[in-house]
Amino acid sequence: MTILPVPIAPAEVVLFQDHLASAAQYALAEKCDATRWAFASDWSDFAGWAAGLDQAVAPAWAATVAAYLASLAGHGLKASTIVRRAAAIGYMHRIAGHEPPANAEAVKAVLRGIKRRVGVAVERKAPATARAIGAMLKKMPETLTGKRDWAVLMLGFTAAFRRSEIVGLTVADLQRTTDGLFVLIRRSKTDQEGEGHIVAIPRGGKLSRSRRSRTGSPPSASRKADSST
């Protein structure tokens with residue numbers, strides 16, 4: 001019996017494939033983790049819906065996407081969610097080198113109609129008040145974990161940090177001074193490229209405001225502290 005040789009891809013081909021995989025990862029990295037997760041979930045939903053109706057997924061016809069978006073509205077999804085689904089479908093098409101179906105006038109018209117009929121009002125979350133924060137602090141146990149949580153809660157409330165900004169902090173991001181703290185925020189919702197900025201938190205029982213500055217030397221923020229401190 002003759003044994004045929006197994007073809008081996010040239011090293012250049014393997015290297016090129018590695019570069020392609022790396023390029024795909026960089027393309028995905030342009031979005032924050034939450035957006036990537038949402039887009040992946042949205043794309044999976046659309047792909048399952050289209051495949052179930054024996055429709056092409058990528059590239060998808062504009063009529064298929066328009067029908068999908070209309071079905072979402074029919075199931076009571078919010079306009080903001082439907083718009084995000086359309087954006088996810090367009091993004092996945094773009095990174096695959098296809099024309100986004102949402103560029104077609106038929107899809108744009110459906111989205112406009114959904115916005116008019118369903119509405120695009122944004123649900124605002126109620127902010128945590130000083131009273132609510134005080135109630136939380138009273139329930140903190142006198143343990144090492146409790147003290148950590150107390151400090152994190154006070155830091156976030158005082159500087160009005162987003163949850164993602166608080167989670168991203170490390171001890172190295174805190175610089176203690178005689179007048180308070182300088183906190184380095186390495187990345188935030190409004191700073192997707194990670195330029196970073198510094199937040200000055202003055203020492204005191206009462207705070208007029210926190211001034212944010214871009215990276216560089218710590219800012220000389222205006223400070224207004226309680227006379228009792």
Side-chain angles (χ1 to χ4, degrees), residues 16-127 156 160-170 173 185-197 212 215:
F16 179 67
Q17 291 174 341
D18 290 342
H19 289 328
L20 284 178
S22 179
Q25 292 300 317
Y26 279 121
L28 291 174
E30 72 164 329
K31 304 293 184 184
C32 68
D33 290 342
T35 300
R36 286 201 302 272
W37 182 90
F39 275 15
S41 176
D42 292 342
W43 176 252
S44 177
D45 186 81
F46 168 71
W49 181 90
L53 296 175
D54 198 25
Q55 297 296 311
V57 176
W61 294 100
T64 303
V65 175
Y68 169 70
L69 299 178
S71 73
L72 297 179
H75 281 87
L77 270 69
K78 296 179 181 179
S80 59
T81 301
I82 297 173
V83 170
R84 193 195 68 215
R85 294 275 177 94
I89 294 169
Y91 177 74
M92 292 302 185
H93 275 70
R94 281 195 299 273
I95 63 174
H98 304 306
E99 177 70 16
N103 287 352
E105 184 56 33
V107 179
K108 292 180 180 180
V110 169
L111 282 174
R112 288 195 296 267
I114 290 172
K115 290 177 182 178
R116 289 193 56 163
R117 183 168 295 183
V118 179
V120 291
V122 178
E123 272 189 29
R124 300 290 183 183
K125 300 296 183 182
F161 287 144
R162 297 182 177 89
R163 286 176 297 177
S164 59
E165 295 173 342
I166 296 174
V167 171
L169 287 175
T170 66
D173 297 328
I185 302 299
R186 298 181 182 275
R187 187 183 297 270
S188 68
K189 184 177 180 180
T190 56
D191 177 23
Q192 295 296 323
E193 295 185 0
E195 293 183 7
H197 61 278
R212 296 186 173 216
T215 47

W49 and T64: CA distance, side-chain angles, deciding distance, side chain to side chain contact (heavy atoms under 4.5 Å, CB included) verdict: CA-CA 10 Å; W49 181 90; T64 303; 3.9 Å; yes
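Rounded to the nearest 0.5 Å, atoms OG (S80) and CD1 (I114) are 11.5 Å apart. A distance of 9.5 Å separates CZ in R94 from CD in E99, rounded to the nearest 0.5 Å.
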Report, one line per pair, each donor and acceptor closer than 3.5 Å where one atom sits in a side chain of residues 39-46; sequence neighbours left out.
residue : atom : partner : partner atom : Å
D42     : OD1  : R84     : NH2          : 2.9
D42     : OD1  : R85     : NE           : 2.8
D42     : OD2  : R84     : NE           : 2.7
D42     : OD2  : R84     : NH2          : 3.4
D45     : OD2  : Y68     : OH           : 2.5
D45     : OD2  : R85     : NH1          : 3.1

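At least one side-chain heavy atom of I185 sits under 4.5 Å from a side-chain heavy atom of L169. Contact annotation: the side chain of L111 approaches that of L69 to within less than 4.5 Å [non-hydrogen atoms, C-beta and beyond]. The closest side-chain heavy-atom distance from V107 to V110 is not below 4.5 Å.
Across all non-hydrogen atoms, the minimal contact from D173 to G168 is OD2-O, 3.8 Å. In terms of heavy atoms, V57 sits closest to A50 at CG2-CB, 4.0 Å. A pairwise comparison of heavy atoms in A102 and K108 identifies O-CG, 3.4 Å as the closest pair.
Around atom CZ of R112, more than 12 heavy atoms belonging to other residues, nucleotides or ligands sit under 6.0 Å away.
A donor-acceptor contact shorter than 3.5 Å links the side chain of H93 to the backbone of A60.
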